[in-house]
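The next block holds one structure in the form of structure tokens; read it before the comments.
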Amino acid sequence: MMFSIRDIPFSHRGSWFGISPVLAENTVADDLHLVSHQTGMHPVLRFNPSEPSVVRATPALLTWQTDAGPIELAYESPDTIRIRGNGPGLRITAAAGTLTPFRGSYLYQDPVDGSHILTSYETGRRYRVTLLAGGPAEVTGAELLGAGERGLRLPAGPAWEVAIEEYGTARPAYRRLLPFAAVHDAAQARFAAFADALAPWRSASTPAAELAAYVLWSATVDPAGFVTRPAVLMSKHWMDKVWSWDHCFNAIALAAGDPALARAQFQLPFDHQDPSGALPDSITHSEVLHNFVKPPIHGWALRQLMPAGLDDLAGTYDRLARWTRFWLDARRAPGEDLPHYTHGNDSGWDNATTFDGGRVVQTADLAAFLVLQLRCLADLAHRAARGPALPEPAPPEPAPPEPGPPELAPPELARTESARTESAVSVPAHTGSARSGEECAGAAGERTAEAWAEAAAEWARAADRIQEAMIRDLWTGDRFEARDPLTGARRASASLLDLMPIVLGDELPEPIATRLAARIEQHLTSFGLATEPVDSPEYAADGYWRGPIWAPSTVLIEDGLRRAGHTALADEVSRRFRALCEQSGFAENFDAETGAGLRDRAYTWTASCYLILAAAHEHRRTTAPPDRAAGDD
């Protein structure tokens, strides 16, 4: 399998750097660079062959093909690459042309082992180049300050080989333990094992499955900085973060083939849960942002993950309960039954037309996700009630300790004078007639089956009341509208976001599900679900959430349609999106009218959503009765 290096970086599971010409958003160089994602996205080294070249990339080998012969690069380990040439030479130089007291790179020869080491202010790391064969290398700019070129030139002609390592302050001298061919073979075997575990069902009818597996494998990094677990970044281009809803789709795609990595994806944002229960907006190596949040799709996602098993049911329950309480405690205005977003970014649909005319709104998608999350908590509590008493959950390692055990039961649900109707959910109260979670269940380490059963019933009642409020306050009889929690004013939009309550599936009243399905079909282009109808005056071909096709909305809607009984439409949504990825790769989003990939072209949630839909399609195709086998093409 070959892929375009301009679309997908060449990298390796666990590595914090990749090889790519993409240096930043909208910045593509002529030469390939070693681009690190520690402390941000930073080009560190530039690779310039001595001859004109054509670059070819496979999952385990990057080749510059020249008339004089090849130059080959392979990962020996996540922090070490090997490069060899036989015929052409290669210049390896610092990407930064100037060294200041705060920026740039510094080159020197290490007296200990004779290697050359480049230090980078931008990444805070060192890059050691060790000559293994050939040479000697011509060195430029050693110990140079200020402006100037710094690097090594490996001469054309005789065969040569180098190792390049990314590390911290010091490490033992590099030792070559394997020949280059064995390094390549080992990398190829590691990827093949991952792909076989992740997509054993792949066939000629799922031609993009192996590339999707590579996008995930190559974007995975080892724990470092604020990344407390092995993590699949959204990309090893400029979208080099984990956002607190993107991770759910990666977890689901990984669950069957790599359950441990899937659990790490799901739990990572919870390692940074704040005292209110909120998850961060995003996490990366040197940054955790809390200025926004992301939608509570985690109950929906956890239901998808349950077949893969939970290694910490009590801890997962408590973290999900705290996240749910955030929405019920901190995101409901006095007298209001439904939670609200404070900006489109909170929904994940940053600039969707739902938020035109006002950013602080109650929306039906938020209510629907919260209903599913409440029902998931009820399911988890039922599981605990049927099983042995659960131990006190230990804080995850190596995450920082959490501020304290949350309550077992949901927030206060008793009706209050401020309730808008008799069936409404009251504003959460920590005092009053209802018993707290700890009063209901006892200490976390002493939970009884009865306490778990009572908690399950409370969560279920909360879900019922939120769903009742969603329909009462936001459904017009024909569509869902957004509502201002301050004024009560409602407004409609043409955004696909307003149709997201279909995620409730068969929990929706049938007339509402049928009306939503009809509106969803109006968003369907030849390539998939446009986030804004193409005939809308607000539609923009590259308008982010105002037109383009996105992977997560596709998967959420496909799942809801299928559970609501609209299987023919679900099949068509799945088929068109899979065909789109097979044509245009795994872009962040896609032009709804042409299918062209837009923005970041190596986006992991897109690859994961393809794998989710393809795996489900293959399962239906191979298990359906003969008269149904061709129905989902």
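Quick caveat: nothing in here was measured; it's all calculated off a predicted structure.
The pair D356-R546 counts as a salt bridge, with a side-chain nitrogen and a carboxylate oxygen less than 4.0 angstrom apart. Salt bridge absent: D498 and R519 never bring a charged side-chain N and a carboxylate O closer than 4.0 Å. A salt bridge between E588 and R599 is absent, with no side-chain N of the basic residue lying under 4.0 Å from a carboxylate O of the acidic one. Between R229 and D271, at least one side-chain N (NZ, or NE/NH1/NH2) sits under 4.0 Å from a carboxylate O, which counts as a salt bridge. With salt bridges taken as basic N to acidic carboxylate O contacts below 4.0 Å, one links R575 and E572.
Panel note: side chain E532, backbone T353; no donor-acceptor pair is recorded below 3.5 Å. With hydrogens and angles disregarded, a donor-acceptor distance shorter than 3.5 Å links the side chain of W550 to the backbone of Y544.
In this pair, F266 and H247 present their aromatic rings tilted. The plane angle is within the 30 to 60° band. Relative orientation of the H343 and F292 rings is tilted, given thresholds of 30° and 60° on the angle between their planes.
Taking all atoms of both residues into account, the shortest heavy-atom contact from V360 to P485 is O-CD, 3.3 Å.
By the salt bridge (Lys or Arg N to Asp or Glu O under 4.0 Å) test, E593 pairs with no residue at all, sequence neighbours left out. Applying the ring-ring contact (aromatic ring centres under 6.0 Å, His included) test to Y610 and every residue at least two apart in sequence or in another chain returns F586.
For W452 and Y317, the gap between ring centers is short of 6.0 Å. Taking the ring centroids of F249 and W243, they lie at or beyond the 6.0 Å cut-off.
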